[in-house]
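The structure under discussion appears below in the form of structure tokens.
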Amino acid sequence: AGEITQLELHPKFQLYAPTAGEDEVVGHYIADFAYRDTGRAYVVEDVKSEITRKEPVYRLKKKLMKACLGIEITEV
């Protein structure tokens with residue numbers, strides 16, 4: 001319907017130690033989807049259960065996505 005563009009399935013993001021710079025990759029985050037909405041904003045979307053949302057590794061990766069890349073994960 002033209003509501004999104006540039007749809008990506010399972011995009012992979014490199015996570016790095018914020019104080020070490022981009023050359024020190026500490027892990028990766030693979031989201032379910034990424035796309036641009038009608039306002040051209042970049043959206044990273046993940047389907048997560050309540051149990052998964054509470055897992056320490058997921059919570060850390062979510063924080064690293066925001067701190068390192070400035071990307072907020074949209075949970076559905």
Side-chain angles (χ1 to χ4, degrees):
E3 294 182 25
I4 65 168
T5 60
Q6 301 174 358
L7 177 64
E8 299 174 66
L9 180 62
H10 297 130
K12 186 175 184 179
F13 301 90
Q14 287 188 339
L15 302 174
Y16 52 89
T19 56
E22 293 184 31
D23 22 333
E24 189 176 333
V25 175
V26 295
H28 296 90
Y29 184 77
I30 300 173
D32 290 331
F33 307 99
Y35 55 87
R36 296 234 176 241
D37 67 12
T38 53
R40 301 291 299 152
Y42 188 65
V43 178
V44 175
E45 194 169 284
D46 244 335
V47 179
K48 296 289 181 206
S49 69
E50 286 300 317
I51 293 170
T52 303
R53 289 177 188 183
K54 295 176 184 177
E55 288 182 357
V57 172
Y58 168 70
R59 292 174 59 183
L60 176 62
K61 286 184 175 187
K62 182 178 178 179
K63 288 177 184 178
L64 284 170
M65 285 284 286
K66 180 70 174 171
C68 299
L69 305 174
I71 297 173
E72 189 85 37
I73 297 171
T74 301
E75 298 171 345
V76 293

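Note that this is a predicted model, so its numbers are computed, not measured.
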Quiz item: So, for E75 and K62, which heavy atoms are closest and what is the spacing to 0.1 Å?
Solution: OE2-NZ, 3.2 Å
Self-check item: Exercise: identify the closest heavy-atom pair between L69 and Q14
Solution: CD1-O, 3.8 Å
Quiz prompt | Separation between CG of L64 and NZ of K66, rounded to the nearest 0.5 Å | solution = 13.0 Å
Quiz item: In this structure, are over 12 heavy atoms from other groups packed under 6.0 Å from I51 atom CD1?
Solution: no
Exercise. Could you pull out the closest heavy-atom pair between E50 and R53, with the gap in Å?
Key: OE2-NH1, 3.2 Å
Quiz prompt | Closest heavy-atom pair and its distance - L15, K61 | solution = CD1-CG, 3.9 Å
Quiz prompt | Flag for Y35-E45: side-chain donor and acceptor within less than 3.5 Å | solution = yes
Quiz item: Which atom pair, heavy atoms only, marks the closest approach of Y29 to K48?
Solution: OH-CE, 3.9 Å
Quiz item: side chain to side chain contact (heavy atoms under 4.5 Å, CB included) between D32 and H10: does it pass, once the steps are laid out?
Solution: CA-CA 5 Å; D32 290 331; H10 297 130; 4.1 Å; yes
Exercise. Step through the shown structure and confirm whether more than 12 heavy atoms of other residues, nucleotides or ligands are within 6.0 Å of CZ on F33.
Key: no
Exercise. May I ask you to check whether over 12 heavy atoms, not counting those of Q6, lie within 6.0 Å of atom CD?
Key: yes
Quiz item: Taking a hydrophobic cluster as the set of Ile, Leu, Val, Met, Phe, Trp and Tyr residues connected by side-chain heavy atoms closer than 4.5 Å, whether directly or through intermediates, do L9 and V43 fall within one such cluster?
Solution: yes
Self-check item: Shortest non-hydrogen separation from I73 to M65 and the atoms involved
Solution: CD1-CG, 4.0 Å
Quiz item: Mind checking whether T5 and R40 have side chains closer than 4.5 Å, heavy atoms only?
Solution: yes
